[in-house]
Amino acid sequence: MSDTTATVALVIPLFEEEAALPALIEALATLDPQPAEIIAVDGGSMDATAALVRDAGWTLIAANKGRARQINAGVEAATANYICVLHADTIPPADMVRVIRETLANPKNALASFTPLITGTKTRWFTSAHNFIKTWYAPLITRPHHFVRGVRLLFGDHAMFFRRDDFLKIGGCTPGDAIMEEADLCVKFAALGRTKMVRRVVRTSDRRIAAWGPLKANWIYFKVGMLWAFGMRDRMGAHYPDVR
């Protein structure tokens, strides 16, 4: 059952996303019901990102670049009960707010996400399927004690959502994390309840796969994940360049 009294905020970390933002702005205007807040956290863009956000009527705040720091700033600025972290290149379903309310109405669910379908220049069925399976095998390999408690490893393009109070209770994202910040959140949230991926699709851009090629992209995803699993955080960023 949905908690219709709970408010929902979308937190969107941004850095030079002028190409992706028009489609997201159009999609968010069709959400029914609408979120209580849309908070865009800019990491110092030099393009038209800030102007597009202002024209859309969203709340714009600034933070030092880095998704972890930007997410922390956005959650701190929000006042809603529930938070969804949405990437600029990810398009949610129109009933996003309802799905978030229904999922988090269950107190056993500490952290949840949508199911991503990677698409754009073409639909990337193999990588989408691999990402789905990875939510299971990644924690089984790297954090089996959490896996048996129902923890699944979710990622940023899944549009993760949680209770704001819980996020603050666990200390939020690890500030220095430029990537894999969502994996750390899964581990932290494990102390509060289960993590799950709901069977409702968000469409996320295939721009990295288009730039790198499918084999290289999946190798990069795997390599960065293993660096995270073995605690080699200082090496992750060098293997995951920005693609805009």
* Got F126 and I209 here, is their nearest side-chain heavy-atom distance under 4.5 Å? -> no

* To do: Please answer whether the main-chain N or O of N81 pairs with a side-chain N or O of R163 as donor and acceptor at a distance below 3.5 Å.
  => no

* To do: Kindly compute the distance separating CD1 (I83) from CD (E76), expressed to the nearest 0.5 Å.
  => 10.5 Å

* Structure fact -> Here the pair of heavy atoms bringing H87 nearest to P13 is CD2-CG, 4.4 Å

* Kindly give the heavy-atom pair with the smallest separation between V53 and A40, and that separation in Å. => CG1-CB, 3.7 Å

* Qualifying residues under ring pair (Phe, Tyr, Trp, His ring centres under 6.0 Å), relative to F161, sequence neighbours excluded -> F114

* Side-chain contact, heavy-atom cut-off 4.5 Å: I39 with L10? -> no

* Answer yes or no: is there a donor N or O on one side and an acceptor on the other, between the side chain of K196 and the main chain of L111, under 3.5 Å? => no

* Evaluate the side-chain proximity of M197 to L154: yes if any heavy-atom separation is below 4.5 Å, no if none is. => yes

* **Whether E37 side chain and A9 backbone form a donor-acceptor pair below 3.5 Å** => no

* Compare all side-chain heavy atoms of L31 with those of P92 and state whether any distance is below 4.5 angstrom. => yes

* V202 versus P93: any side-chain heavy-atom pair under 4.5 Å? -> yes

* Set of side-chain contact (heavy atoms from CB on, under 4.5 Å) partners for T121, sequence neighbours left out -> R124, D206, A210

* Asked: Got H158 and T90 here, is their nearest side-chain heavy-atom distance under 4.5 Å?
  -> no

* Would you say Q34 has more than 12 foreign heavy atoms packed within less than 6.0 Å of its CD? -> yes

* Asked: With distance as the sole test, does T103 use its side chain to make a donor-acceptor pair with the main-chain N or O of V99 at under 3.5 Å?
  -> yes

* Asked: Between CG of L28 and CD1 of I38, what distance do you get to the nearest 0.5 Å?
  -> 5.0 Å

* Asked: Rounded to the nearest 0.5 Å, how far does CE of M160 lie from CD1 of I71?
  -> 8.0 Å

* **With S128 via side-chain contact (heavy atoms from CB on, under 4.5 Å) - residues at least two apart** => L117, I118

* Establish, from distance only, whether the side-chain atoms of N109 and R194 form a donor-acceptor pair under 3.5 Å. => yes

* **Stepwise side-chain contact (heavy atoms from CB on, under 4.5 Å) check, I61 with Q70** => CA-CA 9 Å; I61 65 174; Q70 290 173 251; over 6 Å; no

* To do: First locate atom CD of E16, then atom NZ of K65, and finally report the distance between them rounded to the nearest 0.5 Å.
  => 7.5 Å

* To do: Give a yes or no on whether R203 atom CZ has more than 12 heavy-atom contacts from other residues, nucleotides or ligands under 6.0 Å away.
  => no

* **Worked verdict on L185 versus C173 for side-chain contact (heavy atoms from CB on, under 4.5 Å)** => CA-CA 6 Å; L185 278 183; C173 296; 3.8 Å; yes

* To do: Decide yes or no on side-chain contact (heavy atoms from CB on, under 4.5 Å) for E182 and V85, but give the supporting numbers first.
  => CA-CA 10 Å; E182 62 279 290; V85 178; over 6 Å; no

* Side chains of V41 and I12 in contact at under 4.5 Å (non-hydrogen atoms) -> no

* Structure fact -> side-chain contact (heavy atoms from CB on, under 4.5 Å) filter on D42, not counting sequence neighbours, yields L14, S45, T49, L60

* Do L168 and F189 belong together in a cluster built from hydrophobic side chains that touch within less than 4.5 Å? -> yes

* Structure fact -> Heavy-atom closest pair (A159 atom, M96 atom, distance to 0.1 Å) is CB-CE, 4.4 Å

* To do: Mind checking side chain to side chain donor-acceptor pair (under 3.5 Å) for T115 and listing every partner two or more places apart, or none if nothing turns up?
  => none

* To do: I would like to know whether R101 and V8 meet side-chain contact (heavy atoms from CB on, under 4.5 Å); could you show each step before the answer?
  => CA-CA 8 Å; R101 285 173 172 165; V8 176; 4.1 Å; yes

* Should L86 and I25 be counted in the same cluster of Ile, Leu, Val, Met, Phe, Trp and Tyr side chains packed under 4.5 Å apart? -> yes

* Asked: Quick one: CG on D89 to CG on D157, what's the gap to the nearest 0.5 Å?
  -> 7.5 Å

* Looking only at heavy atoms, which two atoms of P107 and A105 are closest? And how far apart? -> CD-O, 3.3 Å

* Report the residues that fulfil side chain to side chain donor-acceptor pair (under 3.5 Å) with D95, sequence neighbours left out, ordered by chain and then residue number. => R98, R200

* Asked: Less than 6.0 Å separating the ring centroids of Y82 and F162?
  -> no

* If you measure from CG on L24 to CD on E17, what distance do you get to the nearest 0.5 Å? -> 9.5 Å

